[in-house]
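Just dropping this structure here.
All heavy atoms count here, side chains included; hydrogens, waters and symmetry mates do not.
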Amino acid sequence: MKVRIPAISCLLFCVWAPSNAQPTSNLKSFLEKRLSDRADATPPTYEALLAVIDSVGKSSQADIRSSLPLLSLAMKSKTSNLPIEALFAYFAISRRPDGGTILRSDVPAIASLMASLDDRLSGGSVTIMQNLTRTIPDITVPLLMSELQRNGVPNPVKSTVMWTLLESPKRGDPEAVKLVVAYLAKDSEVKVRLANLQAIATTRTETPVIAAHVISGLTAKNKDVQLAAIRAVYALSTAVQEKARQIITKLAGDASIDPQVRCTAEKALQNRLGETYKFPEPPAPPKLRGIG
């Protein structure tokens with residue numbers, strides 16, 4: 001299984017310095033060696049690390065399970081870059097068809113990193129949670145809900161948590177919807193609001209409060225938010241479109257409005273929105289480069 005850059009992701013945050021050692025591609029042996037390194041040891045090259053991660057998809061379940069205690073230690077290690085290397089491995093395991101079965105007991109520890117102040121760890125953690133929510137939502141969804149409820153300003157990691165909830169089997173759960181609505185009420189920052197509008201449009205999640213939130217974006221002061229709100233309106237039901245029609249008609253006919261917003265509003269009213277607008281790529285939470 002080759003790892004590659006996901007369409008909606010961005011960033012690697014971690015650069016591995018060259019190393020003369022050629023680490024084995026076996027995950028357990030790799031972890032044993034790295035855990036024996038000094039805290040300031042030179043980490044493996046990026047290519048060497050990927051060779052290990054690529055082997056995860058071809059390994060037996062027994063081999064992967066035998067590595068889990070070492071992965072847990074690696075996540076807590078002070079050795080340079082080792083917790084990030086462990087996240088690479090966890091991500092590769094989470095992509096396996098049996099990944100949820102293998103990682104079931106490790107999920108709480110992985111999820112706890114969503115609250116990390118190190119955006120490399122929080123971004124990597126939520127990416128793994130996205131994968132596992134497809135296979136073990138009974139374990140992941142309560143943890144995602146706890147993270148969305150946790151105090152703290154809205155940020156791209158929390159937006160991805162919200163997105164994952166809206167794609168999960170619990171998307172219609174009243175408590176989950178309540179948490180999403182409460183989170184949306186705080187999204188004043190442009191990059192977060194863009195991420196949230198795209199999540200709503202992509203998952204087509206609609207409640208009266210969420211619809212009102214989307215429509216409110218049409219009159220935002222930021223051009224990109226207005227554009228994203230138009231796109232989100234037309235991803236939802238015709239009832240929402242009708243509620244927004246008066247505002248969008250005004251946007252289409254107002255010469256003082258930004259030309260791109262005006263043109264997009266015109267196309268939306270003509271049901272030709274796809275010809276002129278795609279969501280700008282919102283700042284996604286930092287993720288492991290090359291995975292996804």
Side-chain angles (χ1 to χ4, degrees), residues 1-103 105-107 109-114 116-132 157 160 284-292:
M1 176 183 66
K2 288 292 181 182
V3 282
R4 56 192 175 79
I5 300 174
I8 66 167
S9 76
C10 57
L11 318 191
L12 175 54
F13 37 77
C14 198
V15 176
W16 276 263
S19 170
N20 293 327
Q22 293 299 318
T24 173
S25 61
N26 175 273
L27 179 60
K28 185 175 181 181
S29 298
F30 172 82
L31 291 169
E32 287 173 340
K33 179 186 181 305
R34 288 290 284 135
L35 285 165
S36 70
D37 282 343
R38 293 178 4 185
D40 60 350
T42 301
T45 63
Y46 183 64
E47 291 73 18
L49 176 64
L50 288 186
V52 176
I53 301 309
D54 282 345
S55 75
V56 168
K58 307 165 189 173
S59 301
S60 70
Q61 187 174 126
D63 285 345
I64 297 298
R65 286 188 181 280
S66 70
S67 302
L68 293 182
L70 297 176
L71 267 178
S72 180
L73 290 174
M75 289 284 283
K76 303 168 187 174
S77 173
K78 301 299 183 183
T79 299
S80 177
N81 285 321
L82 186 50
I84 306 301
E85 295 162 33
L87 276 185
F88 268 86
Y90 274 125
F91 182 90
I93 297 169
S94 75
R95 285 171 55 99
R96 289 171 55 115
D98 57 358
T101 300
I102 295 172
L103 293 178
S105 62
D106 292 70
V107 174
I110 294 169
S112 69
L113 294 178
M114 292 189 293
S116 174
L117 296 178
D118 185 335
D119 58 7
R120 301 172 302 169
L121 296 176
S122 59
S125 172
V126 75
T127 304
I128 294 165
M129 293 292 287
Q130 283 182 304
N131 288 343
L132 294 175
V157 168
T160 306
K287 296 181 182 182
L288 302 170
R289 187 187 60 171
I291 68 174

For this session: Taking S72 for its side chain and L68 for its backbone only, find out whether a donor-acceptor pair lies under 3.5 Å.
Result: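 Flag not set: sc S72 to bb L68 has no pair under 3.5 Å.
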Exercise. Of all heavy-atom pairs between A92 and I53, which one has the smallest distance, and what is that distance?
Worked result: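 That closest heavy-atom pairing would be CB-CG2, 3.5 Å.
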Problem set entry | Close side-chain approach of D63 to L27, heavy-atom, < 4.5 Å |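 When only atoms from C-beta onward are counted, L27 and D63 do not touch, as no gap falls below 4.5 Å.
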Problem set entry | Close side-chain approach of L71 and I93, heavy atoms under 4.5 Å |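 A side-chain contact under 4.5 Å exists here.
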Exercise. Which salt bridge (charged side-chain N to carboxylate O under 4.0 Å, His left out) pairs, counting each pair once, include a residue from residues 40-49, with sequence neighbours left out?
Worked result: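 Sorted pair list: R38-D40.
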For this session: To the nearest 0.5 angstrom, please state how far the OG1 atom of T127 sits from the OH atom of Y90.
Result: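 Those atoms lie 15.5 Å apart.
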Exercise. Is a side-chain donor or acceptor of N81 paired with a backbone partner of I84 at a separation under 3.5 angstrom?
Worked result: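 Side chain of N81 to backbone of I84: no pair is present.
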Problem set entry | Rounded distance (nearest 0.5 Å) linking atom CG of L82 with atom CG of L31 |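 The distance works out to 7.0 Å.
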For this session: Verify, without hydrogens or angle tests, whether S59 (side chain) and S55 (backbone) share a donor-acceptor contact under 3.5 angstrom.
Result: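 At least one qualifying donor-acceptor pair exists.
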Problem set entry | Close side-chain approach of P83 and L121, heavy atoms under 4.5 Å |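 Of all side-chain heavy-atom pairs linking L121 with P83, at least one is under 4.5 Å.
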For this session: Please round to the nearest 0.5 Å and tell me the distance separating atom CG of N26 and atom NZ of K33.
Result: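 Answer rounded to 0.5 Å: 14.0 Å.
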Exercise. Which heavy-atom pair separates S80 from P43 by the least distance, and what is that distance?
Worked result: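 Where S80 meets P43 most closely, the heavy atoms are O-CB, 4.2 Å.
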For this session: Please tell me if the side chains of S94 and L103 come closer than 4.5 Å, counting only heavy atoms from C-beta onward.
Result: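 Answer yes - side chains close enough.
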Problem set entry | Nearest heavy-atom neighbours spanning R96 and S60 |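 Heavy-atom minimum between the residues: NH2-C, 4.1 Å.
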Exercise. Going through the distances and angles, do D37 and T42 end up as a side chain to side chain contact (heavy atoms under 4.5 Å, CB included)?
Worked result: CA-CA 9 Å; D37 282 343; T42 301; over 6 Å; no
Exercise. Is the closest side-chain heavy-atom distance between P44 and E85 below 4.5 Å?
Worked result: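 When only atoms from C-beta onward are counted, E85 and P44 do touch, with a gap below 4.5 Å.
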Exercise. Which heavy-atom pair separates M129 from V107 by the least distance, and what is that distance?
Worked result: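 For M129 and V107, the tightest heavy-atom pair comes out as SD-CG1, 3.9 Å.
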Exercise. Taking all atoms of both residues into account, what is the closest heavy-atom pair of N131 and R95, and its distance?
Worked result: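 Scanning both residues, the minimum pair turns out to be ND2-CG, 3.6 Å.
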For this session: Mind checking the OG-CD1 spacing from S67 to I102? Nearest 0.5 Å is all I need.
Result: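 Interatomic distance, S67 OG to I102 CD1, rounded to 0.5 Å: 10.0 Å.
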Exercise. Say you draw a straight line from CZ of F88 to CG of L49; how long is it, rounded to the nearest 0.5 Å?
Worked result: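 Result: 5.5 Å between the selected atoms.
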For this session: Give a yes or no answer on whether the side chain of T45 reaches the backbone of A48 with a donor-acceptor pair at less than 3.5 Å.
Result: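 Looks like yes, one N/O pair under 3.5 Å.
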Exercise. Between OG1 of T101 and CD1 of I64, what distance do you get to the nearest 0.5 Å?
Worked result: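 One finds 13.0 Å between OG1 of T101 and CD1 of I64.
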Problem set entry | Any donor-acceptor N/O pair, S125 side chain to I110 backbone, under 3.5 Å |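 Indeed, once roles are kept as given, a pair shorter than 3.5 Å links the two residues.
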Exercise. Do you know which two heavy atoms are closest between K28 and S66, and how far apart they sit?
Worked result: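 Smallest heavy-atom distance, with atoms named: CD-OG, 3.7 Å.
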